[in-house]
**Q** 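This is the structure I want to talk about, given as structure tokens.
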Amino acid sequence: MKVNFSLLMVGMTAMVLSSCGGSGSNGSSDGMFGGIPETIQKYDDEKKSLNASLNESNYEKGLAKIDELKTETIAKLEKEGEALNGKELPVSDNEDLKIETPLTLVYKDVFSNVAAVEFTLDGKIVAAKDIKIEINPSDLKGREMLGGKKTVVTAYTLVQLELLDSEGNVVDTRAIGNLTADNNGEEAIVKAGTAAEFIGSFPVSDKYINVASARLAIDATKGLTSEKMEE
């Protein structure tokens, strides 16, 4: 009886823990971005339903409900965004790119149209080896301008973040940074150890509901250049 009782207690404990797992209001706290995607999707569905029910007799009240829903959702997303501030993302690197400092989310704001929550990324990504970027040599040369000044060409390539579902399928791909290359006028090479520069913000929307992890990617065949006057 003692063994059976112990097993019963273990089973009951497991059931309790299972029922508590992912216990956010949307039940999706295990995702890479917590419950944010589900909260946005829920808002969109409820807003569509309220809009569809509008008529002459309830128009003003209906609009008031929509405004109230928006206010409540923004407040909820702010809390969910703040809760993810500093969260380390499960990102894998590769033979070209190395994560020297874990990538983390930095909460910024909620989009006013409730379409996404804005983050930036922190951390350090470097080139794991020398990487030659494929750019036409003619595009690497500066131009002489009137007055004797020349333009300086910067060559770079994009660091991409591939967002994956639990089965490893790519849900979305976002450019998150630049890797600047050494440009000698003939070829552009990103030297090993060169740190990526993060670009722009990182909006999290409802299309990221199934995102569970991510991996870094780079396509050296897609080199880019920018040009400015020499100082």
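The first residue of the sequence shown is numbered 1, and numbering continues consecutively from there. Computation of the quantities below employed the complete heavy-atom set of this structure, encompassing side-chain atoms and omitting hydrogens, waters and symmetry-equivalent molecules.
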**Q** Nearest heavy-atom pair of P90 and A212: which atoms, and what distance?
**A**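 Minimum heavy-atom contact is CG-O, 3.6 Å.
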**Q** Report the C-alpha separation of T39 and E80 in whole Å, then their side-chain angles, then the decisive distance to 0.1 Å, and conclude whether the side chain to side chain donor-acceptor pair (under 3.5 Å) test is met.
**A** CA-CA 9 Å; T39 297; E80 292 178 328; 3.0 Å; yes
**Q** Check for me, please, whether V117 and I74 land in the same ILVMFWY cluster - side-chain distances under 4.5 Å, paths through other members count.
**A**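 V117 clusters together with I74.
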**Q** Check this for me: does any side-chain nitrogen of one of K141 and E186 sit under 4.0 Å from a carboxylate oxygen of the other?
**A**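 The answer is yes: the pair qualifies as a salt bridge.
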**Q** With a 6.0 Å cut-off on ring centres, are Y208 and F33 close enough?
**A**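 Ring centres of F33 and Y208 closer than 6.0 Å.
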**Q** Out of curiosity, does I209 fall in the hydrophobic cluster containing L164 (side-chain heavy atoms, cut-off under 4.5 Å, transitive links)?
**A**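 Result: no, two separate clusters.
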**Q** Can you tell whether the side chains of E227 and R143 come within less than 4.0 Å, N to carboxylate O?
**A**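 Yes.
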**Q** Indicate the atoms forming the closest heavy-atom contact of M32 with A214, along with that distance.
**A**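 What the structure gives for the nearest pair is CE-CB, 3.8 Å.
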**Q** Check whether any side-chain heavy atom of I36 sits under 4.5 Å from a side-chain heavy atom of F119, and report yes or no.
**A**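 Yes; the side chains approach each other to less than 4.5 Å.
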**Q** Not counting sequence neighbours, list each pair that qualifies as a salt bridge (Lys or Arg N to Asp or Glu O under 4.0 Å) and has a residue in residues 106-116.
**A**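 Qualifying pairs, neighbours excluded: none.
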**Q** Report yes if some heavy atom in the side chain of K76 is under 4.5 Å from a heavy atom in the side chain of Y43; otherwise report no.
**A**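 No - every pair of side-chain heavy atoms lies 4.5 Å or more apart.
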**Q** From F198 CZ over to T120 OG1, what is the distance, rounded to the nearest 0.5 angstrom?
**A**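 Nearest 0.5 Å value for the CZ-OG1 distance: 9.0 Å.
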**Q** So, does N183 use its side chain to make a donor-acceptor pair with the main chain of V153 at under 3.5 Å?
**A**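 Judged by distance alone, yes, a pair lies under 3.5 Å.
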**Q** Going hydrophobic residue to hydrophobic residue with side-chain gaps under 4.5 angstrom, can you get from V171 over to L161?
**A**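 Yes, V171 and L161 fall within the same hydrophobic cluster.
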**Q** Checking salt bridge (charged side-chain N to carboxylate O under 4.0 Å, His left out) for the pair K150/E230: CA distance, chi angles, key distance, verdict?
**A** CA-CA 6 Å; K150 295 181 180 180; E230 65 179 359; over 6 Å; no
**Q** What do you reckon, is CD of E197 surrounded by more than 12 foreign heavy atoms closer than 6.0 Å?
**A**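 Incorrect, the count does not exceed 12.
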**Q** Would one find more than 12 heavy atoms of other residues, nucleotides or ligands at under 6.0 Å from atom CG of N178?
**A**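 Count over threshold, so yes.
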**Q** Please name the pair of heavy atoms, one in F202 and one in L121, separated by the smallest distance, quoted to 0.1 Å.
**A**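 For F202 and L121, the tightest heavy-atom pair comes out as CD1-CD1, 4.2 Å.
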**Q** Between M229 and M145, what is the shortest heavy-atom contact and its length?
**A**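 The answer is SD-CG, 3.7 Å.
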**Q** Of all heavy-atom pairs between A195 and K124, which one has the smallest distance, and what is that distance?
**A**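 Distance-wise, the nearest heavy atoms are CB-CE, 4.1 Å.
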**Q** Is the backbone N or O of T154 less than 3.5 Å from a side-chain atom of K228, with the two atoms forming a donor-acceptor pair by type?
**A**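 Checked: no pair found.
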**Q** With a 3.5 Å cut-off and no angle check, do the side chains of T221 and E134 form a donor-acceptor pair?
**A**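 Checked: T221/E134 side chains show no N/O donor-acceptor pair below 3.5 Å.
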**Q** Would you call E38 and K42 a salt bridge, taking side-chain N to carboxylate O under 4.0 Å as the test?
**A**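 No, no charged N to carboxylate O under 4.0 Å.
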**Q** What do the steps show when you test I40 against L77 for side chain to side chain contact (heavy atoms under 4.5 Å, CB included), and what is the final call?
**A** CA-CA 8 Å; I40 294 172; L77 288 172; 4.0 Å; yes
**Q** To the nearest 0.5 Å, how far apart are CD1 in I176 and CG in L103?
**A**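 CG of L103 is found 6.0 Å from CD1 of I176.
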**Q** For the backbone of I135 and the side chain of D139, can you confirm whether one donor and one acceptor N or O come within less than 3.5 Å of each other?
**A**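 Judged by distance alone, no pair lies under 3.5 Å.
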**Q** Any chance you could lay out the side chain to side chain contact (heavy atoms under 4.5 Å, CB included) test for I125 and E100, step after step, and finish with the verdict?
**A** CA-CA 6 Å; I125 301 168; E100 285 201 341; over 6 Å; no
**Q** Going by the rule side-chain contact (heavy atoms from CB on, under 4.5 Å), which residues pair with S205 if we only count those two or more places apart in sequence or in a different chain?
**A**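 Scan of S205 (side-chain contact (heavy atoms from CB on, under 4.5 Å), adjacent residues dropped) gives A116, K207.
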**Q** If you round to the nearest 0.5 Å, how far is OG of S213 from CZ of R215?
**A**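 Rounded to the nearest 0.5 Å, the CZ-OG separation comes out at 8.5 Å.
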**Q** Between Q160 and I218, is any pair of side-chain heavy atoms under 4.5 Å apart?
**A**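 The answer is no, as the side chains (C-beta and beyond) never meet within the 4.5 Å cut-off.
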**Q** Please round to the nearest 0.5 Å and tell me the distance separating atom CD1 of I66 and atom OG1 of T71.
**A**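 I66 CD1 to T71 OG1: 12.0 Å, rounded to 0.5 Å.
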**Q** Are side-chain heavy atoms of S201 and E118 found at a separation under 4.5 Å?
**A**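 The answer is yes, as the side chains (C-beta and beyond) meet within the 4.5 Å cut-off.
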**Q** Out of curiosity, T73 OG1 to E68 CD, how far, rounded to the nearest 0.5 Å?
**A**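 Answer for the OG1-CD pair, T73 versus E68, is 10.0 Å.
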**Q** Please lay out, stage by stage, how I131 and I189 fare under the test side chain to side chain contact (heavy atoms under 4.5 Å, CB included).
**A** CA-CA 5 Å; I131 304 170; I189 297 177; 6.0 Å; no
**Q** Test of understanding: with side-chain contact (heavy atoms from CB on, under 4.5 Å), list the residues that count as partners of I99, not counting sequence neighbours.
**A**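 For I99, the residues satisfying side-chain contact (heavy atoms from CB on, under 4.5 Å) (neighbours in sequence not counted) are V91, D93, L216.
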**Q** Please report the shortest heavy-atom distance between T104 and E88, naming the atom on each side.
**A**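 Closest approach of T104 to E88, heavy atoms only: CG2-CA, 3.8 Å.
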**Q** Determine whether V126 and L97 satisfy the following criterion, side chain to side chain contact (heavy atoms under 4.5 Å, CB included), listing intermediate values before the conclusion.
**A** CA-CA 6 Å; V126 301; L97 301 170; over 6 Å; no
**Q** Does N58 use its side chain to pair, donor to acceptor, with the backbone of G62 at less than 3.5 Å?
**A**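 Side chain of N58 to backbone of G62: no pair is present.
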**Q** Can Y156 be reached from L179 by stepping across I, L, V, M, F, W or Y side chains whose heavy atoms are under 4.5 Å apart?
**A**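 No, separate clusters.
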**Q** How many angstroms lie between CG in N210 and CD in E167, if you round to the nearest 0.5 Å?
**A**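 Answer rounded to 0.5 Å: 9.5 Å.
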**Q** Indicate, with yes or no, if L224 and I199 share a hydrophobic cluster defined by side-chain heavy-atom contacts under 4.5 Å among Ile, Leu, Val, Met, Phe, Trp and Tyr.
**A**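 Yes.
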